[in-house]
There are 2 protein chains.
Amino acid sequence: MELQKGKERFIQSWGAFGSSWGINRTMAQVHALLLVSQESLTAEEIMEELQISRGNANMNVRTLIDWGLVYKDLKPGERKEYFVAEKEMSQVVKKIITERKKKELEPMIKILDEISSVEGVCKESEEFCKVVSDIKLFASKADTMLDKLVKADSNWLIGTFLKMVK
Amino acid sequence: MELQKGKERFIQSWGAFGSSWGINRTMAQVHALLLVSQESLTAEEIMEELQISRGNANMNVRTLIDWGLVYKDLKPGERKEYFVAEKEMSQVVKKIITERKKKELEPMIKILDEISSVEGVCKESEEFCKVVSDIKLFASKADTMLDKLVKADSNWLIGTFLKMVK
DNA sequence: CGCTAAATTCAATACTTATTGAAAGTATTG
DNA sequence: CAATACTTTCAATAAGTATTGAATTTAGCG
């Protein structure tokens with residue numbers, strides 16, 4: 001496998017994981033493409049490389065920018081926009097955690113709070129009350145932990161992993 | 001909101017999060033229903049409660065059993081199967097982590113290894129090599145960390161959360 | 001065994017989510 | 001300010017995923 005094949009493999013695999021991650025497949029491919037590109041790319045180039053439509057390219061680049069995983073790289077004297085990926089991997093990890101937490105964890109905690117704040121639930125059904133409060137306990141711990149990871153400096157991020165695994 | 005409404009809300013919300021989690025919506029609802037049921041339920045009862053077909057109920061219960069989140073509760077003298085949820089929440093968390101890791105993390109590490117094991121990648125493109133090995137670093141750390149969480153005893157699970165967040 | 005209740009399978013179908021591409025919008029240039 | 005180069009939007013459509021339910025298989029019982 002030579003370099004070009006390696007890059008293609010990476011792009012295609014990153015896209016496939018996107019799906020199993022609840023992340024749009026094409027968005028993940030665009031991200032992968034920008035990650036392995038030396039130079040920043042135009043919308044045209046992304047469309048060409050990934051064989052996707054203009055609208056699709058635009059929408060997914062925009063979402064990546066919203067996530068903070070891609071930046072606009074405006075070149076003086078050039079009218080069109082170039083896009084470049086955030087390549088500091090600790091930043092990438094933090095930003096993915098932030099977005100997934102927002103979508104997967106926070107709304108859940110909100111609803112668990114609503115359910116368990118109801119008067120008399122624990123009196124009426126100890127079992128239901130316990131299920132809800134146990135889930136809340138784990139969800140809150142996970143939430144706090146992920147917050148710390150995201151707010152910490154980059155060395156701390158990997159350092160925390162190390163601390164946990166030893 | 002009285003108890004019954006609370007349970008319904010819980011089932012419906014757990015189902016919605018399932019989706020944003022890459023977990024089948026109905027499977028999550030079946031899980032929620034069993035979590036909040038005092039008694040173990042038959043396929044019929046699940047179909048009835050969630051208004052789903054026999055096939056659907058069967059498939060999702062089976063997947064939950066594969067995940068170790070639900071058990072068969074066979075009653076002597078009764079021909080039909082009853083299903084009951086694992087209610088120890090630390091077990092539930094461990095089992096969900098195990099399955100999501102298997103689907104979301106392990107295949108990724110495998111492919112990153114394949115890509116980076118190729119001769120000359122680093123010579124040909126320092127940048128690509130760095131991207132791949134940085135991702136590998138984080139993925140492996142996460143993998144090891146999750147392994148520890150899953151193998152540890154239940155007190156350690158919540159204890160580790162606490163250790164991290166202080 | 002054969003009968004029957006229950007579980008499972010799977011092709012057809014419904015539902016959900018992503019993609020296209022032409023039309024509309026916006027900004028730069030001469 | 002009109003021509004142009006590019007970006008964004010969005011309704012139509014395609015692709016992907018989940019669900020149904022009738023047909024099939026499996027297992028308990030006399």
Side-chain angles (χ1 to χ4, degrees), chain A residues 11-12 14-34 40-67 70-84 99-100 103-104, chain B residues 11-12 14-34 40-67 70-84 99-100 103-104:
Chain A
I11 291 167
Q12 119 75 30
W14 203 243
F17 292 122
S19 312
S20 78
W21 274 44
I23 285 166
N24 180 302
R25 167 203 177 78
T26 304
M27 174 171 147
Q29 285 183 340
V30 173
H31 184 220
L33 172 63
L34 290 171
S40 47
L41 304 180
T42 61
E44 290 287 345
E45 288 166 323
I46 293 169
M47 289 163 60
E48 169 65 21
E49 286 280 346
L50 302 178
Q51 294 291 302
I52 59 176
S53 71
R54 183 171 302 284
N56 199 8
N58 181 272
M59 143 159 303
N60 285 298
V61 166
R62 209 154 27 72
T63 307
L64 284 165
I65 291 173
D66 291 343
W67 282 42
V70 164
Y71 308 114
K72 288 186 180 179
D73 176 26
L74 300 172
K75 310 210 168 182
E78 290 236 38
R79 199 149 153 188
K80 59 172 163 284
E81 296 176 326
Y82 287 76
F83 303 102
V84 63
E99 294 298 327
R100 294 190 70 184
K103 206 174 60 164
E104 300 180 14
Chain B
I11 291 167
Q12 120 74 32
W14 202 244
F17 292 122
S19 312
S20 79
W21 273 46
I23 285 166
N24 180 302
R25 166 202 176 81
T26 304
M27 173 171 148
Q29 285 183 342
V30 173
H31 184 219
L33 172 63
L34 290 171
S40 47
L41 303 179
T42 60
E44 290 289 345
E45 290 167 322
I46 294 169
M47 288 162 60
E48 171 65 20
E49 286 280 346
L50 302 179
Q51 294 290 303
I52 60 175
S53 71
R54 182 171 300 284
N56 199 8
N58 180 271
M59 145 160 301
N60 285 298
V61 167
R62 209 152 31 69
T63 308
L64 284 164
I65 291 173
D66 291 344
W67 281 43
V70 165
Y71 308 113
K72 288 185 181 179
D73 175 26
L74 299 172
K75 309 208 167 182
E78 290 237 38
R79 196 145 154 195
K80 56 173 164 283
E81 297 175 326
Y82 287 75
F83 303 101
V84 63
E99 294 298 327
R100 293 190 70 183
K103 205 173 62 163
E104 299 180 13

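Note: hydrogens, waters and symmetry copies are ignored here, and every other heavy atom, side chains too, is used. Throughout, a chain's letter reflects where its sequence line sits, starting with A, and its residues are numbered from 1.
When the side-chain nitrogen and oxygen atoms of B:R62 are compared with OP1 and OP2 of C:dT9, one or more of them lie within a distance under 4.0 Å. The shortest distance between the side-chain N/O atoms of B:T42 and the OP1/OP2 oxygens of C:dA6 is not below 4.0 Å. Distances shown here put a side-chain N or O of A:N24 below 4.0 Å from the OP1 or OP2 atom of C:dT19. Remark: B:S19 is not in phosphate contact with C:dT16, judged by side-chain N or O atoms under 4.0 Å from OP1 or OP2.
Residue side chain B:R79 reaches the base of C:dA5 through a donor-acceptor N/O pair under 3.5 Å, judged by distance alone.
Using a 4.5 Å heavy-atom cutoff, the side chains of A:R62 and A:N58 are in contact.
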Practice item. Carefully, step by step, assess A:Y82 and A:K72 under the rule side-chain contact (heavy atoms from CB on, under 4.5 Å). Key: CA-CA 6 Å; A:Y82 287 76; A:K72 288 186 180 179; over 6 Å; no

Exercise for review: List the steps and the verdict of side-chain contact (heavy atoms from CB on, under 4.5 Å) for A:E81 and A:L74.
Suggested key: CA-CA 6 Å; A:E81 296 176 326; A:L74 300 172; 3.8 Å; yes

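Between B:R54 atom CZ and D:dT26 atom P the separation is 18 Å, expressed in whole Å. In this entry the distance linking CD1 of B:I52 with P of C:dC15 reads 15 Å, nearest Å. For the pair A:M47 CE and C:dG21 C1', the computed distance is 10 Å after rounding to whole Å. Atoms CG (B:L50) and P (D:dT20) sit 10 Å apart, rounded to a whole Å. Remark: P of C:dA7 and NZ of B:K80 are 8 Å apart, rounded to the nearest angstrom. Following rounding to the nearest Å, B:N58 (CG) and D:dT24 (P) show an atom-to-atom distance of 17 Å. Distance CD (A:E44) to P (D:dT8): 13 Å, rounded to an integer number of Å. The interatomic distance linking A:E81 (CD) with C:dG25 (C1') rounds to 14 Å, in whole Å.
Nearest-nucleotide mapping onto DNA chain D: of A:N56 and A:Y82, the residue sitting toward the 5' end is A:Y82. Comparing B:G55 and A:I23 along DNA chain C, the residue whose closest nucleotide (by nearest heavy atom) sits nearer the 5' end is B:G55. In this structure, A:T26 and A:E78 both approach DNA chain C, and ranking their closest nucleotides by distance from the 5' end singles out A:T26.
In this structure, C:dT29 and D:dA2 make a Watson-Crick or G-U wobble pair, each of the two defining distances being under 3.5 angstrom. Under the Watson-Crick and G-U wobble criteria, each requiring two contacts below 3.5 Å, nucleotide D:dT7 is paired to C:dA24.
For A:K103 (side chain) and A:G22 (main-chain N/O), a donor-acceptor pair under 3.5 Å exists by modelled atom type. Side-chain atoms of B:E49 do not come within 3.5 Å of backbone N or O of B:I46 as any donor-acceptor pair.
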